[in-house]
Q: 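One structure is given below, represented as structure tokens, and several questions about it will come after.
Every value quoted in this text rests on a predicted model; they were computed, and no experiment measured them. In what follows, every heavy atom counts, from backbone to side chain, and hydrogens, waters and symmetry copies are set aside. Residue numbers run from 1 in the order of the sequence given.
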Amino acid sequence: MAAVLTIGFAHADKPGDPTAVSSDGGEYRDKNGQPTYKVDKDGKVDFYSYIGYVRYTANCMHCHGPDGLGSTYAPSLVNSLKSLDYTDVMTIVASGKKDVNQSSQLVMPALGEDKNVMCFIDAIYIYLRARSDGAIDRGRPMNHEPKPKGYSDAEDSCLG
């Protein structure tokens, strides 16, 4: 749980195999230590994928479009996460990114001080990773694991 509420920079290969091999407080990790999702055969998602959808919708959708599919204003994060790993995403979200040329001006603002984003960055990454891999369909995941014990306390601590 603490990992969702802190900024962590774990070095890992590009997203790779999303299979969850460990869990700490309901947050799953892949073999490279990157946050990942878990979707049961019946479609039930882990809590972090669910809360990632909620936080993405509240903080990212206005630029990157519904369900991470992009907009005329910002790129598809579903496509971007096919080639970006956790460290890449953390760096871009925290520090921002500019890609300005004659035909476009793409600017991602630095959100490293925005607790509404950074306290939930692992969950947002997990949700987008699941969307990128096609493991979660568009829309709010209706069936999800319960909130892990201690989640609310950690959330309150991060948000201050």
Q: When rounded to the nearest 0.5 angstrom, what is the spacing between OH in Tyr48 and CG in Asp122?
A: 8.0 Å
Q: Does anything in residues 54-78 form a salt bridge (Lys or Arg N to Asp or Glu O under 4.0 Å)? List the pairs, not counting sequence neighbours.
A: Arg55-Glu155, Asp67-Arg138
Q: On a heavy-atom basis, which atom in Gly26 and which in Pro148 lie closest, and how many Å separate them?
A: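 Closest approach of Gly26 to Pro148, heavy atoms only: CA-CG, 4.1 Å.
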Q: Between CD1 of Ile92 and CE of Met108, what distance do you get to the nearest 0.5 Å?
A: 8.0 Å
Q: Among residues at least two apart in sequence or on other chains, which ones pass side chain to side chain contact (heavy atoms under 4.5 Å, CB included) with Asp42?
A: Asp40, Lys44, Asn143
Q: What's the spacing between Leu128 CG and Ser80 OG if we round to 0.5 Å?
A: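 These two atoms lie 9.5 Å from each other.
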Q: With rounding to the nearest 0.5 angstrom, report the CZ to SG distance, Phe120 to Cys60.
A: 12.0 Å
Q: So if you build clusters from Ile, Leu, Val, Met, Phe, Trp, Tyr with side-chain heavy-atom gaps below 4.5 Å, do Ile124 and Met118 land together?
A: yes
Q: Check for me, please, whether Ile136 and Leu84 land in the same ILVMFWY cluster - side-chain distances under 4.5 Å, paths through other members count.
A: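 Yes, Ile136 and Leu84 fall within the same hydrophobic cluster.
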Q: Are Ser23 and Arg29 close enough that some pair of their side-chain heavy atoms sits under 4.5 Å apart?
A: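 Of all side-chain heavy-atom pairs linking Arg29 with Ser23, none is under 4.5 Å.
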Q: Any luck finding a side-chain donor-acceptor pair between Asp46 and Ser49 under 3.5 Å?
A: yes
Q: Does Val117 share a hydrophobic cluster with Tyr56, counting links as ILVMFWY side-chain heavy atoms below 4.5 Å and allowing steps through other members?
A: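 Yes, because Val117 and Tyr56 connect within a single hydrophobic cluster, where side-chain heavy atoms sit under 4.5 Å apart.
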Q: Please report the closest heavy-atom contact between Gly68 and Ser76, naming both atoms and the distance.
A: O-OG, 3.3 Å
Q: A side-chain contact here means heavy atoms from C-beta on lying under 4.5 Å apart; do Glu27 and Pro35 qualify?
A: yes
Q: Hey, are the side chains of Met90 and Ile121 touching, using non-hydrogen atoms and a 4.5 Å cut-off?
A: yes
Q: Heavy atoms, side chains only, cut-off 4.5 Å: are Val89 and Leu81 in contact?
A: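 Val89 vs Leu81: side chains touch.
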Q: Below 4.5 Å, heavy atoms only, C-beta onward: do Ser22 and Tyr28 meet side chain to side chain?
A: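 With C-beta onward as the side chain, the pair stays apart.
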Q: Which heavy atom of Ala74 sits nearest a heavy atom of Cys63, and at what distance?
A: CB-O, 3.2 Å
Q: Answer whether the closest heavy-atom distance between the side chains of Asp88 and Asp85 falls below 4.5 Å.
A: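 Sidechains of Asp85 and Asp88: in contact.
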Q: When you compare the side chain of Tyr73 with that of His64, does any pair of heavy atoms fall below 4.5 Å?
A: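 No, too far: nothing below the 4.5 Å cut-off.
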Q: Out of curiosity, Asn59 CG to Cys119 SG, how far, rounded to the nearest 0.5 Å?
A: 10.5 Å
Q: If you round to the nearest 0.5 Å, how far is CD1 of Ile51 from NZ of Lys147?
A: 7.0 Å
Q: Show the nearest heavy-atom pair for residues Gly65 and Ser71, with the distance to one decimal.
A: N-CB, 4.4 Å
Q: So, using side chain to side chain contact (heavy atoms under 4.5 Å, CB included) as the criterion, who are the partners of Pro18 when residues are at least two apart?
A: Thr36, Tyr37, Arg129, Asp133
Q: With a 4.5 Å heavy-atom cut-off, do Lys38 and Glu145 have their side chains touching?
A: yes
Q: Hydrophobic clustering (ILVMFWY, side-chain heavy atoms < 4.5 Å, transitive) - are Val78 and Tyr86 grouped together?
A: no
Q: Side chains of Tyr125 and Gln34: donor-acceptor distance under 3.5 Å anywhere?
A: yes
Q: Could you go through Tyr50 and Arg140, starting from their C-alpha distance and side-chain angles, then the distance that decides it, and tell me whether this counts as side chain to side chain donor-acceptor pair (under 3.5 Å)?
A: CA-CA 7 Å; Tyr50 165 73; Arg140 183 184 199 119; 2.6 Å; yes
Q: Shared ILVMFWY cluster between Leu159 and Val93, side chains joined below 4.5 angstrom?
A: yes
